[in-house]
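Below is one structure; the comments refer to it alone.
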2 protein chains.
Amino acid sequence: MPDDLHSSSADATQQRLLQAAGEVFAEKGFHAATVREICARAGVHNIAAINYYFRDKENLYAETLRFAARSPLYENLASEWPTSAATAEKLRWFIGLLVEKIVLASRERPLWHMQLMMRELTQPSPIGERIAQEFIRPVYETLWTILREALPRDVSEKKLHLISFSIVGQCMYHRIARHVIRLIVGEQEQNTYDAKTLTEHITEFSCRALGLDRKKSGSKSQVGTRGGKR
Amino acid sequence: MPDDLHSSSADATQQRLLQAAGEVFAEKGFHAATVREICARAGVHNIAAINYYFRDKENLYAETLRFAARSPLYENLASEWPTSAATAEKLRWFIGLLVEKIVLASRERPLWHMQLMMRELTQPSPIGERIAQEFIRPVYETLWTILREALPRDVSEKKLHLISFSIVGQCMYHRIARHVIRLIVGEQEQNTYDAKTLTEHITEFSCRALGLDRKKSGSKSQVGTRGGKR
DNA sequence: AAATGTTTTAGACGCATGTTTCAATCGCCC
DNA sequence: GGGCGATTGAAACATGCGTCTAAAACATTT
């Protein structure tokens, strides 16, 4: 028999605890989550392990949040920037990133990462406030850069803020209010809201609102509301 | 001395408990809220009052949610419908209603009503799931009616859903992510986001996206992104 | 094989929670 | 004024929580 058969071999219990804690915290929140349930889901038979590996429950929570913050979103924001593309295409790239990395559960990463982060963003706790702030800032700064380039110079900073909230709000709503959306359209249709569909819709909606053409970086638009089938 | 001077005269302790419970539940959530803090904030010196007037903590929570659901939003949705106005004006009326009654704290009603409702909508609990569902349904049905009239007939139902989520998402984001917004623009600027400002921006943004004119119920639009100061 | 540092186990601890109990008090009607 | 239901008061209850302690089991090195 292979020597890595017994349960606690390669996958250190510390990492299993972090994984399980992330899931439970994301589902139930800090207070409703119990260390006993976390240990049970991690397959750890004793609850003292949390105090052994992590100091206490609060530190465990902060650690899971730190882990979730190390998302691939960061690297994408920094590296894969399409510098040469038209402004409308940059906006599509940004919206696609938000939808793919935050809104929808990606196959590469477990879904509790962004669930937990959203929880901290909508209801910040003293424990993870800082972490969540440092997570969300670069997102808006990236969007600002794109919008500054896309819009006329005389657009006020306040208007720019409102526009960015309109765009980010559209994206985030599909994660934050996913229970409401499921209620309205049913689980079946919600499953058809994949990354491509949402990105296409929100980009189209926003570009028309801003008068951005999809081909060049001009500021005039061509309208005509034909949604059609998809 | 007047006979209604003592603290527990006209304002029944039951109502003070409901009010206090609503505030605490809205701020901290069901689990983090304690009956002792609720009683303290209500000025009730003994904690058994909660089990006396309301059966238990869960029922108290459901009762506060029921109270919050009886919002003036309902009456407005049913009665003050501007039937004769242009479709763009109907959309502005709807957005204005959402912003005023849900997003911003109105003077007429305490702010915990919608705080609590948003909490239940974003993270539904078995206790209040039904109440929250019955609250949000009419909102979307009203928006559907407006959009159906405003958009061409060949717009698919799925597209209509996506559009409605784009509009509602823009509005709700200012309540759900108000901590993020405060972080981004600062508390000072956030205070300038009054009902009029938000309604105007979201209406303009959405009407342009849909190609709706602001005067007639036509489907052509006139663009030119001039934000300017407000 | 012995020693040493690391991890796991079992159990108990103190504390805060929601709930219950029962007596005391108040308001009101006959 | 006495009787009586409704309300309030104070204390105690059981339970579940996060944390701690100390010994056992394990792994690794000497």
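In what follows, every chain begins at residue 1, and chains take the letters A, B, ... in the order their sequences are listed.
Residue-level contact check: A:A33 touches the backbone only, with heavy atoms under 4.0 Å from sugar-phosphate atoms and none from bases. B:I47 comes within 4.0 angstrom of a nucleotide base, judged by non-hydrogen atoms across all strands.
For the pair A:Y53 OH and C:dT8 C1', the interatomic distance rounds to 8 Å; values are reported in whole Å. Taking atom OH of A:Y61 as the reference point, atom C1' of D:dG18 lies 17 Å away to the nearest angstrom. Here D:dT15 presents its P atom at 17 Å from CG of B:D56, a figure rounded to the nearest Å. In this structure, B:N51 atom CG and D:dA10 atom C1' are separated by 15 Å, rounded to whole Å. Rounded to whole Å, atom P of D:dG18 lies 7 Å from atom CZ of A:R36. Between the CZ atom of B:R16 and the P atom of D:dT8 there is a distance of 8 Å, rounded to whole Å. Rounded to an integer number of Å, the gap from A:K28 NZ to D:dG16 P is 14 Å. For the pair B:K57 NZ and D:dG16 P, the interatomic distance rounds to 15 Å; values are reported in whole Å.
Proximity of a side-chain donor or acceptor of A:K57 to a complementary backbone N or O of A:F30 within less than 3.5 Å is detected.
By the neighbour-count criterion of 12 heavy atoms within 6.0 Å, atom CD of B:Q15 is sparsely surrounded, having that number or fewer from other residues, nucleotides or ligands.
The listed nucleotides are C:dT6, C:dA12, C:dT19; the one nearest the side chain of A:Y52 is C:dT6.
With A:R182 as the fixed residue, the side-chain hydrogen bond (donor to acceptor under 3.5 Å, both in side chains) test singles out one of A:Q188, A:E189, A:Q190: A:Q190.
When all heavy atoms are compared, the tightest approach of A:S125 to A:E120 is N-OE2, 2.6 Å.
Of the residues near DNA chain D, A:A48 and A:T34, the one whose nearest nucleotide (by heavy atom distance) lies more toward the 5' end is A:T34.
Considering only side-chain N and O atoms, B:N46 lies nowhere under 4.0 angstrom from the phosphate OP1 or OP2 of D:dA10. Between B:T13 and the phosphate of D:dT7, there is no side-chain N or O to OP1/OP2 separation shorter than 4.0 Å.
One distance of note links CD1 of A:I95 with OG1 of A:T203; it measures 3.5 Å at 0.5 Å rounding.
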